[in-house]
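Just below is one structure, and these are the notes that go with it.
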Amino acid sequence: MKYYIINKYLAALSGLFLILFLTGHLAGNLQLLIPESSGAQQQFNDYAAFMSSNPVVKILSITTYVSILLHVVVTVALSIDSKRKRGVGYSVSRSPSNSISSRYMGVLGTVILAFIIIHLSDFWYKAKFEGETDVYSMVVNKFQNIEYVAIYVVAMLAIFFHTLHGFSSSFQSLGLVGSKTRRYIKICGMIYSLLIPLLFMLIPIYLFLNLHKT
Amino acid sequence: MKTLDLKKKYGYSVSSFLDLFEKNPSFPKGSFQIKKRGESYYWYYTLSKAKSNRVKYLCKAKGKESFQSALEILSKKFNNQNASVNNNIPPGPLADKWSNYRSSIPLVSPANKKKMNIVVIGTGLAGASASASLGELGYNVKAFCFQDSARRAHSIAAQGGINAAKNYQNDGDSVYRLFYDTIKGGDYRSREANVYRLAEVSANIIDQCVAQGVPFAREYGGLLDNRSFGGVQVSRTFYARGQTGQQLLLGAYSALSRQVKKGSVQLFTRHEMQDVVLVDGEARGVIVKDLVNGQYQRFAADAVVLATGGYGNVYYLSTNAMGSNVTASWRAFKKGAYFANPSFCQIHPTCIPVSGDHQSKLTLMSESLRNDGRIWVPKKKGDTRTPIDIPEEERNYYLERRYPAFGNLVPRDVASRAAKEVCDDGYGVGNSGLAVYLDFKDAIQKLGKETVTAKYGNLFAMYEKITGEDPYKTPMRIYPAIHYTMGGTWVDYNLMTTIPGLYAIGECNFSDHGANRLGASALMQGLADGYFILPYTIGNYLSKQISTEKISTQMEEFNEAEAQSTSKMQSIFDVQGNQTVESIHKKLGKIIWDYCGMSRSEAGLISALGYVDELKKEFWKTVKIPGEFQSFNTELDKAGRLIDFIELGDLMIRDALNRRESCGGHFRIESQTETGEAKRIDSEYSYVSAWEHQQESEPRLHKEKLEFENVKMAKRSYK
Amino acid sequence: MNNSISITLVIWRQKSALDKGKFKKYELKNIDINMSFLEMFDVLNEGLISKGEDPVVFDHDCREGICGACSMYINGRPHGPQKGTTTCQLHMRQFKDGDKIVVEPWRAKGFPVIKDLMVDRSAFDRIIQAGGYISVNTGNAPDGNAIPINKAYADEAFSAAECIGCGACVAACKNASAMLFVGAKVNQLSLLPQGGPERASRVQNMLTQMEKEDFGHCTNTGSCEAECPKEISVDNISKLNKEYLRSLIKKS
C-alpha cells in the first residue's frame, strides 16, 4: 500500500471537487448582490428552496460533505506523519519554496475548517433543522454585524492562500503537470484563487454597507 | 606425537635439507614445518627472517616421499623468483587470441559458483561492473568501498566520454584502428594482446550501457551521437553531455544494486581494505577496517579483486577525489604483487590553475574544450596586461605554431609539456605565472554564443563558479595537473597479479594504456575489465579451487595479517608529533611534482629519493593524530594512506630513474630531440617495469619484454 | 582589493549517533575568498588538530560537484546560498567579512547523523536497490542503435539522471520527503524504451521502500527543486505521481 501517494491522490481529488463546489456556490450566492428593489429576497429564497429539494443537488451536496471530511482526514493524517520525519529540527531554515502558502497549508486549512463550522451552524443548520425559510433575511441580518463580516473576510483570505497553492498542487499530485503545462496551471490557479474569494468577500461587505438597499 | 616424529613419518631428513642449501647458497634460511589443516597434514617452510609472507606452503604430506617433493617444490619456488614475469598471453593470431582463449577457459559449474566467495575492493566503474557481473554469474560477492555509497566512486567525475569501435559514423573506424590508436597513443609501452582485446570488447560496452538505461547523447534521428576526442582522427567517443563518467557509473551502480537486492552481492560502504591475506601464497581473504567504528574485520574469499583506482593523489594536488588512495594496491605490493610502471602518470592539460596555498584539489575541465578553444600566451615575458588588452599580434599561439597538423588538439602529454615549457620560460599568466590562456573569442565569433553555450555551457559555469571570472568575456586560465596513472599493479592477460587469486582491474592495474592514455579510454578500460574480461578470466583460477578446503577467518594467517595492520596503525597513532597529515602530504606532493612530474632529470630524481626518505622519517617522528585509536578517526585513516603514498613515491622515483628514455607521460630531459620533443629508446626500454617488494633491500626490477608483431613501432609525431 | 575575510562559524558537533550534540562557535580570520567552502573547513580542521582537538567530520570526496558526498546545511539552506551549487563548489566570495555562518547536518529521520556533519544516506542506496535499475544481465544487450530513442526523451531522461544523490532535496523539504530523488530515477527509466517492461513494479517498489525508510510525503512546496544542486525539476515528481497511477491501472 503506497500510503502517501494514495492519500495525496485523495487530497487532490477532494480538493479539486471543493474547488468546483466553491465555483457553483459562488454563482448561487452572487444573487445576493441583486438590489432588494429588484426582488432579491424572493429570488434568493426560491433558489434556496430549489437547492434543498433537487435530488441532483442533494447528491452533489453529499459529495461535498464527503469531500470536506476526506480532505480533512487525509491531510491531517499526512501532516501528523510529516511532523515525525524531521526528527531534530534545524536551528536556521530558509529554503525558498513555490509560495509562502505552501508552507502553511495546515494552518490555513484549520482556519477554513473553523469557518466552515461557523458558516454551516449559522445558515445551513438553521435552514435545515430550525425550519427557517426566509434565508435571504437571515443572511442580510447576520451581516449587519461587523465582527461577523470580519470573520468572513479573514476566512476568504485563508481560502485565497489555500487555493493559491492547492489549485496547482492538486494537478501536480495527480501527475497532470508537465514542463509545458506548469505555467498555465499556475496562472489558472492564480486567477481562480484571486477571483473566487474576492467575489465571496464582496457579499458580506456589500450587505454590511447596506448597498442592497439602494 | 612429537613434531619431529611427525616430520620423520613423512620422510624428513636433515641431510637432504642441508644438501639443498649447500647447492643453493642464495636460498633464504628457514625451517620445515608440518601442519594439520582439516583432516590432512601439509608441508610448510618458514623463513627465519620476519617477513610478511614468511610461511610458504609446499605440498600435502603423504607418505615418506612427500618430503622429497616438498624440497623440490621449495627449490622451484625460490628459483622461480629469479625468472622473469609470465604474462600468460595466449598463442595465436592477435585478432583471434581473445575469442579462442575465452572459449578455452575452464568453466565453474553453477552449483560450485554458489559456494565461491569473491571479494571486490572498490565500487567504481571497474569494481561495480565486476561485482554486478560476477553476482549475475552466481558467485557470492562481497563489495567494499570507503565512500558512503557505491555511487560516489571517483569514476563519476569523468567528463568527456567513452571510446568504442562501433564505426557508427562511417568514418573508417574499426577494432584494429582503435587498437592501433591506443598502442600509438600509449607510446608503444603497452601489450598488444591486452589492447586488442580492449578494442574488441569496447563495442559491447556501449550496448550494455544503453540497455541499462544510460542516457547517451543522441541525434535527432534517435541514434547515438559521437564526437572526436583528443589525439584521434575518427569520431568514436560516446558521451552524455559533460557527465559521461557519472552516467556510466550510475549504470554500473544500478546493476550492482540489482544484485544486492538479489542477495548475490553484499555491499559494505565506509569500509577500507587494510591488507590481503595470503594462505599458502594465494590470496584468500582481506582485512578490512570499518571506518565508522574503527573495528578491523576479516573476510575469507576464494579470490580477491582490487578495483581501487589510481594513485594520482601522491602529488597531493591532482584531479583525483580527496579519498582516492593507493593503500589497497600498495599493501598487496608488500605482500608480493608486483607494481608496474609506477612513474607513468598522465598530466591533463586543461585544469583550473592553483589559486593559493589553501588549494585542496584541482578541477579538470573536459579536454573537449580544446576542440574550439585556442591556447596562447603573451609574446612578451611577464606581460601583466589583462588578456583582452593584448592585441592579436602580441599573442603566441604556441601549439598551433609548433604542431600545425594537430594544433590545439595534440595529445595530453604534448600539450601539458608545452604549457610547462612556456611557463618555465616566463611567459605564464595569472598571479602565479603558472597558467596559459584558453581563448573562446574566435569560437564565439564564428559559431555564435549560443552554439558555444550548448557545447560547453556547464564547463563555463563551473569555471566561473570556481574562479569568479566569466569565460565568455575573458579567456580561461588553464594549467596541467595530474589526472590519471597508467602505472599500477602488474597483471597478466587474465588480469591476475603475481599473487595467485589476487586480481587488479580498472585504473588500479597497469595494463592497457602504456605510457600515455588517450582521452575517453579510461571509462572504456574500467568497464571492459569489469563487465567483459574479469568475469571470464577469473574462471581460469577459480575452476582449480573447487577442491580446495574452505578457508576460515580464524586461521593463523588472518590473525597475523590483522595484527600487522593494527600494529602499524597503532604505531602511527602513537607518534603524536606536531604535524598534521595534510601538511606532510603537501610536502610529499611538492617533491614528487617538482622532481617526478612533467619532466624528470637524473640529478633531480636522485635528490628526490633522499627527500622522500627524509620525509618518511619525518612522518614517523612528527605526524599528529587527534582523537581515539579505535573510533571514527578520519585523520588516522588519512595517515595510513599517506604513509603508503610516501613509500610509493620512492618507488615512482626509482622507476623514473631506471627508465632513461622519454615516452608518453614520462619525460626524461636527458632523452629529447634537438627540437625538444620526447625521444623514445626502443632498443633498450621496450619493456614493462614490474617491481617486486623486498623486505630488507631495495625493490627488485623484473622486465616484461614488449613484443610488437602487429604494429610497426614508429615515432609518435603530431607535427 | 582585499581578498580575505573573517567569519564566525557555528557548527553542529556530535560525537556519535547516540550523542545528543550541540552547536559550537569558531572564529576564523584571514580566509581567502578564493577558497571553497570545504577548503575553509580544512583550514578550520588544521587549526583544531594542531590544538589537539577533534576535527569536524563531514562527507566530501570529489570536490568538483559531482560525487554528491558533500552535505552541509549552511545558514538554513542545503549546500548554502548559491543556486545550483554543491557545498564543495561554494566559494568564500559568496560571504562577507564578519558573516556568521551556521552549519548543520542534513536533518531527516531517513538520514541519521553519524558524527558531526556526516549523515548516513544508505537509505538512498536501498531505494535504488528496490528497483532503480533495468534488469539486464551483462552480455544480453542488443546493439546500442537497435532501438532509436527520440532525442527529446533521451534529453529529458538525461536531465533526470543528473541526480547526484546528495540528499539536499530531503534536507530542504519541510516533510523530509525523497520524492524528487525517487521521481528523477523513475522518470529517467520510464522515458526510455529499455525501462518499459519493469515500469509498474519499479515505481511501486521504490515508493514502498521510500516510505519504509521514513521519508515524508510531498506537499509540492518546490523547495527540493530550488535547492537541488543539479536543478532537477519537480516535473519529475508530477511524473512520478502519474507513473504510480499508471501502475495501478496497467500492470506493466
Side-chain angles (χ1 to χ4, degrees), chain B residues 132-133 136 147-152 154 156-157 166 168 206-208 210-213 215 218-224 240-241 243 246-247 250 253-255 257-258 260-261 269 292 321-323 355-356 358-361 363 462 465-466 468 531-532 535 580 582-583 624 626-627 632 634-635, chain C residues 16 32 34-35 38-39 42-43 46 49-50 52-55 57 59-69 85 89 91 93 114-115 120-122 124-125 128-130 132-145 148-151 154 157-158 161-162 165 188-189 192 194-195:
Chain B
S133 304
E136 285 161 13
Q147 296 93 342
D148 75 318
S149 164
R151 65 183 294 157
R152 309 213 196 279
H154 200 56
I156 204 154
K166 279 281 198 188
Y168 281 160
I206 300 303
D207 301 341
Q208 183 65 27
V210 168
Q212 284 171 347
R218 286 181 184 266
E219 291 165 349
Y220 282 98
L223 300 179
L224 293 161
R241 253 176 256 174
Q243 283 132 277
Q246 180 199 24
Q247 294 310 319
L250 292 182
Y253 163 75
S254 67
S257 298
R258 176 169 162 247
V260 172
K261 178 78 178 172
T269 59
V292 175
M322 300 303 286
S355 73
H358 52 79
Q359 195 91 24
S360 61
K361 77 151 285 177
T363 303
M462 182 173 84
K465 234 173 238 174
I466 294 173
Y531 281 132
F532 297 108
T580 61
E582 290 289 299
S583 52
K624 184 181 175 78
F632 194 144
T634 45
E635 287 303 304
Chain C
S16 67
D32 188 329
N34 288 316
M35 274 184 200
L38 295 185
E39 282 165 353
D42 291 343
V43 172
E46 290 290 285
I49 298 165
S50 304
E53 289 177 43
D54 236 10
V57 170
D59 261 320
H60 65 111
D61 201 24
C62 79
R63 295 208 178 181
E64 42 190 276
I66 192 76
C67 76
T85 306
Q89 294 287 285
H91 281 69
R93 62 181 81 89
I114 294 174
K115 189 175 181 181
D120 178 1
R121 282 170 290 188
S122 54
F124 270 14
D125 282 341
I128 296 294
Q129 283 157 17
Y133 44 74
I134 290 169
S135 296
V136 50
N137 277 359
T138 305
N140 277 348
D143 187 84
N145 264 346
I149 300 174
N150 184 321
K151 183 171 164 58
F158 177 83
E162 273 189 291
Q188 178 207 339
L189 297 181
L192 301 171
Q194 289 85 355

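Below, read A as the first sequence line, B as the second, and so on, with proteins coming before strands; counting in each chain starts at 1. Values in this document were obtained by computation on a predicted structure and should not be read as measured data.
The candidate with the highest count of non-hydrogen atom pairs below 4.5 Å against chain C, out of B:S583, B:G221, B:S133, is B:S133. Of all the listed residues (C:G195, C:G68, C:P55, C:G132), the one sharing the greatest number of non-hydrogen pairs under 4.5 Å with chain B is C:G68. Ranked by heavy-atom pairs under 4.5 Å with chain B, the first of C:S122, C:A157, C:A130, C:P142 is C:P142. Contact count against chain B (heavy-atom pairs under 4.5 Å) is highest for C:I149 among C:N34, C:I114, C:I149, C:V136. Counting heavy-atom pairs closer than 4.5 Å to chain C, the top residue among B:R241, B:Q212, B:Q147 is B:R241. For the set C:D54, C:L189, C:L192, C:I128, the count of heavy-atom pairs under 4.5 angstrom toward chain B peaks at C:I128. Of the residues considered (B:A150, B:S355, B:G323, B:G468), B:G468 shows the highest number of contacts with chain C, using heavy-atom pairs under 4.5 Å. Heavy-atom pairs under 4.5 Å with chain C peak, among B:S254, B:P535, B:A255, B:G356, at B:S254. In terms of non-hydrogen atom pairs under 4.5 Å with chain B, the most contact-rich of C:G139, C:C62, C:G65 is C:C62. When each of B:I206, B:T634, B:V260 is scored by its heavy-atom pairs under 4.5 Å with chain C, the top score falls to B:V260. For the set B:K261, B:K465, B:H154, the entry with the most heavy-atom pairs within less than 4.5 Å of chain C is B:K465. Among C:T85, C:N150, C:N140, the residue making the largest number of heavy-atom pairs under 4.5 Å with chain B is C:T85.
Counting all heavy atoms, side chain and backbone alike, B:S149 lies closest to C:D125 at OG-OD1, 2.8 Å. Across C:K151 and B:E219, no two heavy atoms sit closer than the pair CB-O, 3.7 Å. Contact detail for C:D42 and B:S360: the closest heavy-atom pair is OD2-CB, 3.6 Å. Closest of all the heavy-atom pairs between C:E162 and B:Q246 is O-NE2, 3.0 Å. The two residues B:R258 and C:I134 make their nearest non-hydrogen contact at CD-O, 4.4 Å. For B:R218 against C:A154, the heavy-atom pair with the smallest separation is CD-CB, 3.8 Å.
Of the atoms belonging to B:E635, it is side-chain heavy atoms, and not backbone ones, that fall under 4.5 Å from chain C. For chain B, the nearby parts of C:I49 are the backbone and the side chain; heavy atoms of each come within less than 4.5 Å. Residue C:S50 touches chain B through both its backbone and its side chain, counting heavy-atom pairs closer than 4.5 Å. With a 4.5 Å cut-off on non-hydrogen atoms, C:S135 touches chain B through its backbone and its side chain both. Heavy-atom distances place the side chain of B:Q247, and not its backbone, under 4.5 Å from chain C. Contact of C:D32 with chain B is made through the side chain alone, with heavy-atom distances under 4.5 Å. Of the two parts of B:L223, the backbone and the side chain both hold a non-hydrogen atom closer than 4.5 Å to a non-hydrogen atom of chain C.
Put simply, the side chain of B:D148 never gets that close to the backbone of C:A69: no donor and acceptor are under 3.5 Å apart. Looking at C:R93, its side chain does come within 3.5 Å of a backbone N or O of B:I466 through a donor-acceptor pair. A donor-acceptor pair is defined here as one N or O able to donate and one able to accept, closer than 3.5 Å; such a pair exists between the side chain of C:Q188 and the backbone of B:G213.
To the nearest 0.5 Å, atom OG1 of residue C:T138 and atom CD of residue B:E136 are 4.0 Å apart. Residue C:R63 holds its CZ atom at 4.0 Å from CE of B:M322, rounded to the nearest 0.5 Å.
Side chains of C:H60 and B:K361 form no contact here, defined as non-hydrogen atoms less than 4.5 Å apart. Using a 4.5 Å cut-off on side-chain heavy atoms (C-beta onward), B:Y168 and C:D143 make contact.
There is no side-chain donor-acceptor pair under 3.5 Å between C:E64 and B:T363.
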